[in-house]
Enquirer: 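Before I ask anything, here is the structure I am working with.
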Amino acid sequence: MKKIVLLLTVMCLQSCHIGRMIRYYKADIDDHKIFPYTEVNKGNETFYFKDGTNSELAKRITNISFTEKGKDYVIDDYLDKETETTAFMVIKNDSILYEKYYEGYKRDSISNIFSVSKSVTSLLMGIAIDEQIIESVNNPITKYIPELSKANKTFDKLTIEHLLNMRSGLKFSETYSNPFDEVSKLYYGKNQIKQISKLEFIHEPGTFHDYQSVCTTLLGIAIERASGKQLGKYLEEKLWKPLQMENNATWSLDDMVRKNTKAFCCLNTTAIDLAKLARLVLNKGKFNGKQIVSDKWVEKLTKANKTNDCYQYQWYSYECSDDYYALGILGQIVYIVPNEDLIIIRLGKSSDKMFLSEIKDVVSNN
């Protein structure tokens, strides 16, 4: 009997999502090392931001101070000693004003950007619609993933736009609190479509906003089905090479049999290349005069949707203002202030203070 229990335990640890969760305990920024992945290769050309680290404005940023437990810090020491930040960048007018790395990470160190991946998936959906491989945001998801209709006819009512705005109506727990909640199964599991097919609807699609990673998973698979490419390769072709990225990236898969991309969480990249994606959005979808993503699509994801909790097309608006951002569970953030031509990138091992208001105030008072 003990041998049977031991055998089942070993099998679980090797194959099921519970085993993965027990083995790795919790989601981590270096999980690109444990999942299979698609390579996202850079091209032959590289775009470089200008160096503004010796400017007066840059000096003002480096002198931003904080007090923690009665001790005073300037920003660099505070990031290094009191947070689990791995990368922090401030870019204004295409000039890097601040760029620091911590915890042993470097400019070319890739890490999981978690739900910032959702915002990247949105850009790819915009391109897919521009190219008409996906005809409209009003198309039902079952047009691209027809097996969902067989599982539950309500999926026929679920549109691309519902998914972009996180209005699926599905019963889905986003807590990561235990191995049995839906997002943990999605993260550690090996068959995303099978899991999603079992989900129930508790609201009519389109009627209720609830942040759910399952929405982005379906968007990613729809792009893969429509393009005939893995999402990472579509990213490589449509964004990574055209934007002249500095480093190769990877995008994690559920397994090497189905090869469905974890679109909701697991693009693994660097701060400097995230800044180039931010620059694309800031420039309304253009790079070097070429329209990479349509300006209409960029307007959709940057214009605050007050009827949807200031969330639109997989991006957030800060308090429904003109500022917008992408956010990951461990404090990964791409924050854009269009009126200041300002980009702030933060990567880290845990969610902590982002210093967004302090940096914005310094830049705005320049």
Enquirer: Taking side-chain hydrogen bond (donor to acceptor under 3.5 Å, both in side chains) as the test, write out the residues that go with Ser294, two or more places apart.
Expert: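 So Ser294 forms a side-chain hydrogen bond (donor to acceptor under 3.5 Å, both in side chains) with Asp130.
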Enquirer: For Cys265, give me all partners under side chain to side chain contact (heavy atoms under 4.5 Å, CB included), at least two apart in sequence or on another chain.
Expert: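 Counting only residues at least two positions away or on another chain, Cys265 forms a side chain to side chain contact (heavy atoms under 4.5 Å, CB included) with Tyr187, Lys262.
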Enquirer: Quick one: do the Tyr78 and Glu68 side chains pair a donor with an acceptor below 3.5 Å?
Expert: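 Side chains of Tyr78 and Glu68: pair found under 3.5 Å.
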Enquirer: Does a sphere of radius 6.0 Å around NZ in Lys349 hold more than 12 heavy atoms from other residues, nucleotides or ligands, not counting ones at 6.0 Å or beyond?
Expert: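 Correct, the count exceeds 12.
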Enquirer: Picking from Thr121, Leu219, Asn308, Thr216, what satisfies side chain to side chain contact (heavy atoms under 4.5 Å, CB included) with Leu164?
Expert: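 One option only clears the test, and that one is Leu219.
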Enquirer: Which of these passes side chain to side chain contact (heavy atoms under 4.5 Å, CB included) with Arg279: Asp94, Ile91, Leu274?
Expert: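 By the side chain to side chain contact (heavy atoms under 4.5 Å, CB included) criterion, Arg279 pairs with just one of Asp94, Ile91, Leu274: Asp94.
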Enquirer: List for me each residue that meets side-chain hydrogen bond (donor to acceptor under 3.5 Å, both in side chains) alongside Thr270, sequence neighbours excluded, and say none if there are none.
Expert: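 Thr270 satisfies side-chain hydrogen bond (donor to acceptor under 3.5 Å, both in side chains) with Asn247, Asp273 once adjacent residues are dropped.
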Enquirer: Can you name the residues that form a side-chain hydrogen bond (donor to acceptor under 3.5 Å, both in side chains) with Ser149, not counting sequence neighbours?
Expert: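 Per chain and number, Ser149 pairs via side-chain hydrogen bond (donor to acceptor under 3.5 Å, both in side chains) with Lys153, Asp156.
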Enquirer: Is a side-chain N or O of Asn268 found less than 3.5 angstrom from the main chain of Cys266, in a donor-acceptor match?
Expert: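 Present.
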Enquirer: I'd like to check Thr159 versus Asn139 (side-chain heavy atoms, cut-off strictly below 4.5 Å). Are they in contact?
Expert: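 Result no, sub-4.5 Å side-chain heavy-atom pair not found.
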Enquirer: Give the intermediate values and the outcome of side-chain hydrogen bond (donor to acceptor under 3.5 Å, both in side chains) for residues Thr53 and Glu99.
Expert: CA-CA 8 Å; Thr53 53; Glu99 180 181 10; over 6 Å; no
Enquirer: For Tyr37, which residues count as a ring-ring contact (aromatic ring centres under 6.0 Å, His included) partner, sequence neighbours excluded?
Expert: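 With sequence neighbours excluded, Tyr37 shows a ring-ring contact (aromatic ring centres under 6.0 Å, His included) to no residue whatsoever.
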Enquirer: State whether a side-chain donor-acceptor pair under 3.5 Å links Glu82 with Tyr73.
Expert: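 Glu82 vs Tyr73: donor-acceptor pair found between side chains.
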Enquirer: Will you find, in the side chains of Ser95 and Asn93, an N or O donor that is under 3.5 Å from an N or O acceptor?
Expert: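 There is no such pair between these side chains.
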Enquirer: Would you check, one step at a time, whether the test side-chain hydrogen bond (donor to acceptor under 3.5 Å, both in side chains) holds for Gln314 with Ser119?
Expert: CA-CA 5 Å; Gln314 311 279 295; Ser119 303; over 6 Å; no
Enquirer: Within the 3.5 Å criterion, strictly below it, is a donor on Glu39 or Thr250 matched to an acceptor on the partner's side chain?
Expert: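 Note: Glu39 and Thr250 side chains miss the donor-acceptor criterion.
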Enquirer: If we only count heavy atoms from C-beta on, is the Asn260 to Leu253 side-chain gap below 4.5 Å?
Expert: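 The answer is no, as the side chains (C-beta and beyond) never meet within the 4.5 Å cut-off.
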Enquirer: Side-chain donor-acceptor pairs under 3.5 Å in residues 193-203, sequence neighbours left out?
Expert:
| residue | atom | partner | partner atom | Å |
| --- | --- | --- | --- | --- |
| Gln195 | OE1 | Leu186 | N | 3.2 |
| Gln195 | NE2 | Glu182 | O | 2.9 |
| Ser197 | OG | Ile193 | O | 2.8 |

Enquirer: How would you list, by chain and number, every residue that makes a side-chain hydrogen bond (donor to acceptor under 3.5 Å, both in side chains) with Thr261, sequence neighbours excluded?
Expert: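 Partners of Thr261 by the side-chain hydrogen bond (donor to acceptor under 3.5 Å, both in side chains) criterion, ordered by chain and then number, come out as Glu224.
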Enquirer: Can you tell me which residue pairs pass the ring pair (Phe, Tyr, Trp, His ring centres under 6.0 Å) test with a partner in residues 237-294, sequence neighbours excluded?
Expert: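 Only Phe47-Phe287 qualify under ring pair (Phe, Tyr, Trp, His ring centres under 6.0 Å).
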Enquirer: Group every Ile, Leu, Val, Met, Phe, Trp and Tyr by side-chain heavy-atom contacts under 4.5 Å, then state whether Ile110 and Val116 land in the same group.
Expert: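 Shared cluster, no.
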Enquirer: Just jot down the ring-ring contact (aromatic ring centres under 6.0 Å, His included) partners of Tyr313, sequence neighbours excluded, or say none.
Expert: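 Partners of Tyr313 under the ring-ring contact (aromatic ring centres under 6.0 Å, His included) test: Trp297.
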Enquirer: Mind checking salt bridge (charged side-chain N to carboxylate O under 4.0 Å, His left out) for Glu135 and listing every partner two or more places apart, or none if nothing turns up?
Expert: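 Expected list: Lys143.
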Enquirer: Just by distance, with hydrogens left out, do Thr85 and Arg346 show a side-chain donor and acceptor under 3.5 Å apart?
Expert: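 Side-chain D/A pair, Thr85 to Arg346: present.
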Enquirer: Please name all residues satisfying side chain to side chain contact (heavy atoms under 4.5 Å, CB included) with Tyr48, sequence neighbours left out, ordered by chain then number.
Expert: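 Side chain to side chain contact (heavy atoms under 4.5 Å, CB included) list for Tyr48, sorted by chain: Thr46, Glu246.
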Enquirer: Look at the aromatic rings of Tyr335 and Tyr325 and report parallel, tilted or perpendicular, splitting at 30° and 60°.
Expert: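 Tyr335 and Tyr325: parallel rings.
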Enquirer: Residues in ring-ring contact (aromatic ring centres under 6.0 Å, His included) with His209, at least two apart?
Expert: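 Testing His209 for ring-ring contact (aromatic ring centres under 6.0 Å, His included), a comparison that skips the adjacent residues, returns Tyr311.
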